[in-house]
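As the structure is a computational prediction, the values presented were derived from the model and not from experiment. Order of listing sets the numbers, starting from 1, for every ligand and every atom in it.
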Amino acid sequence: MYKIEVKNVSFVYGQSTPFETSALTDVSVGFEEGKITGLIGHTGSGKSTLVQMLNGLLRPTSGQILLDGKDIWEKPKEISKVRFRVGLVMQYPEYQLFDDTVRSDISFAPKNMKLSESEIDERVREAAAFVDIDEQILDKSPFELSGGQKRRVAIAGVLAMKPEVLVLDEPAAGLDPRGRRTILGGLCEYQRKSGTTVILVSHSMEDMALYCDNIVVMNDSKIFAEGTTSQVFSRASEIASVGLDIPSIAHIANKIKGNGIGLTGNLYTVDGVLDAVLREMKGGR
Ligand SMILES: Nc1ncnc2c1ncn2[C@@H]1O[C@H](COP(=O)(O)OP(=O)(O)OP(=O)(O)O)[C@@H](O)[C@H]1O
Ligand SMILES: [Mg+2]
């Protein structure tokens, strides 16, 4: 079942100006409830534009966004309610921190939701723990933190809303492998515990393989491919035709299969392929 669905959506920046740019062309795609869906595509393919449609930050030039089957723009005056239900972490969110302390930054949205002091306090601590921000950091100024810590504080601010849908636009961009694992691993754990529907924009196919149930590939303002992670990775040559590459380990698995060796299961992470090869060597047991 789709938690949130994009139906025949087109979007044009700077309509009727010399800068008119078509960023989405008749896009239709659904995001399954309780799953992590990865959104990938080359620079300028329309990913950030698409995700800003999901919480009503941008309004489609034509088409609809359905949340639980209902058009989010049915009552435009109530669009702010959608922003609490669909939490969006924008690209480079660390530049949006503004409060005196980390604690007050993370509690900004829960305060706006008019929750009690104790509920706010609990949410702040819970959200900080998921992104590995220690208690003693909560009373520091966000400007004293490292780039990676700032990013995690910004993500905690959206987690503290406990949104039904969590949308993250390149949350791990520009971080080293350990920073990526802290953020993406923490988000994965949050998703498993909360059952939230997650949409994760990334340039990394390795991240898609490790963390996503489903993948949507965008190209040139349109949806190019969609399906489960294994379905999408089995279409290596089509994916390559739009300048993207599946993880090396998935190439190796496809080649082994091409030689008539029947590997099954998760064939796009190192551990998954190792398991499949060992199973096959032991005679399929
Ligand atoms: N504020 C804006 N004003 C005008 N054009 C824009 C604006 N933001 C994006 N665009 C254009 O819309 C198209 C889609 O951009 P978008 O930012 O959605 O792509 P993206 O897939 O997120 O790219 P990236 O991987 O670089 O983040 C591009 O042609 C881009 O130049
Ligand atoms: Mg973008």
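- Residue contacts with ligand 1, taken as heavy atom pairs separated by less than 4.0 Å, involve H203 solely via side-chain atoms from C-beta onward.
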Worked check of side chain to side chain contact (heavy atoms under 4.5 Å, CB included) between L187 and L159: CA-CA 9 Å; L187 287 168; L159 293 184; 4.3 Å; yes
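- F108 forms part of a hydrophobic cluster together with F98, judged by ILVMFWY side-chain heavy-atom separations under 4.5 Å.
- Within the listing of ligand 1, atoms 27 (O) sit less than 4.0 angstrom from a heavy atom of Q91.
- Nearest protein neighbour of atom 18 (O) of ligand 1, counting heavy atoms only, is T49 OG1, 2.5 Å.
- Of the polar atoms of A23, none of the N or O atoms is found under 3.5 Å from an N or O of ligand 1, judged by distance alone.
- Checking atom 7 (C) of ligand 1 against the protein gives a heavy-atom contact under 4.0 Å.
- Within 6.0 Å of CD in E20 there are more than 12 heavy atoms belonging to other residues, nucleotides or ligands.
- Where the criterion is an N or O separation shorter than 3.5 Å, residue side chain and backbone included, G46 meets it with respect to ligand 1.
- With respect to R125 and D121, a salt bridge is recorded, a charged nitrogen being found less than 4.0 Å from a carboxylate O.
- Distances from the Mg ion (ligand 2) show that T43 has no N/O/S atom below 2.8 Å.
- In this structure, atom 31 (O) of ligand 1 has its sub-4.0 angstrom surroundings free of protein heavy atoms.
- Residue nearest to atom 13 (C) of ligand 1, selected from S48, G44, S202: G44 (by heavy-atom distance).
- Distances from the Mg ion (ligand 2) show that S48 has an N/O/S atom below 2.8 Å.
- Classification of the Y92-Y95 ring pair by plane angle, with boundaries at 30° and 60°, yields tilted.
- Under 4.0 angstrom from ligand 1, the non-hydrogen atoms of T21 all belong to its side chain.
- For L24 against G46, the heavy-atom pair with the smallest separation is CD2-O, 3.6 Å.
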